[in-house]
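Below, read A as the first sequence line, B as the second, and so on, with proteins coming before strands; counting in each chain starts at 1. Predicted model only: the values in this text are computed from it and were never measured.
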There are 2 protein chains.
Amino acid sequence: MIRLFIAEDQRMLLSALGSLLDLETDMKVIGQATSGEEALKAILELEPDVCLMDIEMPVMNGLEVAEELVRRSSVSKVIILTTFARPGYFERAVKAGVQGYLLKDGEIDELADAIRKVVNGKRIFSPELTVNVFREENPLTPKEQEILKLAALGKTTKEITKELYLSSGTVRNYISEIIHKLGAKNRTEAASIAEKKGWI
Amino acid sequence: MIRLFIAEDQRMLLSALGSLLDLETDMKVIGQATSGEEALKAILELEPDVCLMDIEMPVMNGLEVAEELVRRSSVSKVIILTTFARPGYFERAVKAGVQGYLLKDGEIDELADAIRKVVNGKRIFSPELTVNVFREENPLTPKEQEILKLAALGKTTKEITKELYLSSGTVRNYISEIIHKLGAKNRTEAASIAEKKGWI
DNA sequence: AATATGAGGTGACAAATGTCATATTGTCAG
DNA sequence: CTGACAATATGACATTTGTCACCTCATATT
């Protein structure tokens with residue numbers, strides 16, 4: 001019997017997946033969580049065979065949970081299950097050593113199959129991802145990301161200087177560099193691009 | 001037997017809801033769609049008793065579909081099912097005369113109950129919404145919304161003038177007014193605010 | 001000791017943005 | 001017809017943004 005844990009903040013999907021996977025004769029859902037923190041704690045305690053993990057969750061996101069599980073040498077296998085084919089996410093998940101990365105874009109039957117494969121030691125990745133998308137790394141340094149996040153909220157250069165203790169010239173230099181790296185024409189477009197790619 | 005139609009662009013949730021509701025002894029899922037356009041066509045043809053309708057779908061969103069159904073005097077009842085408690089969405093749904101507005105934040109059992117109530121002529125709304133949130137109307141005119149949408153993508157004033165056939169002064173006046181209405185300090189912050197509230 | 005390298009900074013400049021007061025024009029109720 | 005209104009436009013202005021060349025200083029590297 002495969003022991004499953006599901007972490008997913010959209011309760012409707014969580015309960016739907018729970019009910020349906022429980023109907024499979026060889027699986028049992030032993031726990032659920034709607035936040036990353038909750039999930040981490042429960043997984044360490046319950047040691048499920050496989051965790052289905054959403055990325056965008058409150059408190060701690062699914063990638064952080066996956067990374068932390070590896071750090072604590074958990075035996076549970078992780079399948080990331082997300083809406084987003086964002087290259088940044090995928091790459092980070094692979095680096096964290098997850099056993100699968102699926103998009104919420106397939107049928108559930110596929111999901112059950114995938115779980116069985118992972119239990120048997122295989123790795124599974126949505127084909128949409130592995131093909132072209134992989135090598136698009138986040139070109140932004142951590143500092144640039146931090147600055148762009150603030151700019152995306154509409155903060156002015158001056159406000160950013162105050163939050164980050166930098167001079168206004170420096171902030172403008174950073175933003176100029178960000179705009180150049182992303183091929184944007186102004187900070188707003190840069191923010192729009194980076195958000196779409198999952199880089200900030 | 002209640003005849004259901006489900007429109008939802010996240011395939012995993014679509015198929016999960018489909019399977020689970022089909023298990024209910026008094027319901028039958030007679031159709032599914034993953035885009036608004038598809039949904040509209042199928043609903044007009046199949047005339048289901050109840051449609052579950054996501055808002056954010058490609059081609060035509062769920063609210064537009066609901067409005068169009070009313071316009072064509074469809075007999076099918078509509079329950080909006082969405083992640084977002086955005087006041088703008090809710091208000092528009094109510095105006096369109098939908099029979100229910102639920103958040104994807106509850107269990108499926110609740111959903112089945114809600115469907116039965118709607119069939120019996122009741123209306124159901126997630127309590128989170130009706131309480132406080134209602135009276136926050138979208139302060140932006142359609143034109144302002146259109147302009148702000150473009151600005152949110154990082155388009156410059158000049159690019160906006162070309163798309164909308166307005167002079168640059170007019171565009172700047174509009175943006176100035178938008179910024180004022182939203183209490184923002186620049187177009188980027190205005191976009192950020194409007195997006196969060198579901199106004200653009 | 002000599003030299004990269006990287007984080008942060010200056011100053012100058014052109015362009016874009018935001019504000020405001022003031023037109024022009026067309027539509028529509030009275 | 002007239003006056004109110006909405007949509008669009010102008011011009012003038014102060015600020016903010018984006019670009020670029022060059023500076024400083026502390027660590028690493030050789």
Practice problem: List the steps, then state whether salt bridge (Lys or Arg N to Asp or Glu O under 4.0 Å) holds for E68(A) with R71(A). | Solution: CA-CA 5 Å; E68(A) 186 64 22; R71(A) 219 170 293 135; 2.4 Å; yes
Rounded to the nearest Å, what distance is computed from the [atom1] atom of residue [X] to the [atom2] atom of nucleotide [N]?
X: K185(B); N: dT19(C); atom1: NZ; atom2: C1'; value: 17 Å
X: E189(B); N: dT17(D); atom1: CD; atom2: P; value: 12 Å
X: I147(A); N: dT17(D); atom1: CD1; atom2: C1'; value: 14 Å
X: E144(A); N: dG8(C); atom1: CD; atom2: C1'; value: 13 Å

Quiz item: Near DNA chain D, which residues from residues 154-161 of chain B have a heavy atom under 4.0 Å away?
Solution: none
Practice problem: For DNA chain C, find the residues of residues 166-184 of chain A with a heavy-atom distance under 4.0 Å and give them by number; none if there aren't any. | Solution: L166(A), S167(A), G169(A), T170(A), R172(A), N173(A), Y174(A)
Quiz prompt | Rounded distance (nearest 0.5 Å) linking atom CD of E8(A) with atom CG of L13(A) | solution = 4.5 Å
Self-check item: For I79(B), the option from I124(B), L4(B), V98(B), I6(B) that meets side chain to side chain contact (heavy atoms under 4.5 Å, CB included)
Solution: I124(B)
Distance-only donor-acceptor hits, side chain of residues 32-55 of chain B, under 3.5 Å, sequence neighbours excluded:
from, atom 1, to, atom 2, distance (Å)
S35(B), OG, E38(B), N, 3.3
D49(B), OD2, R3(B), N, 2.8
D54(B), OD1, K104(B), NZ, 3.4

Quiz item: Should the pair K149(B)-E146(B) be classified as a salt bridge under the 4.0 Å nitrogen-to-oxygen rule?
Solution: no
Practice problem: Would you mind pulling out the nucleotide paired to dT25(C), Watson-Crick or G-U wobble, both distances under 3.5 Å? | Solution: dA6(D)
Quiz item: How close do I80(A) and G62(A) get, heavy atom to heavy atom, and via which atoms?
Solution: CD1-O, 4.4 Å
Quiz item: Should I160(B) and Y174(B) count as side-chain neighbours, where that means a heavy-atom distance under 4.5 Å?
Solution: no
Quiz item: With ring centroids as reference points, do Y101(B) and Y89(B) lie under 6.0 angstrom apart?
Solution: no
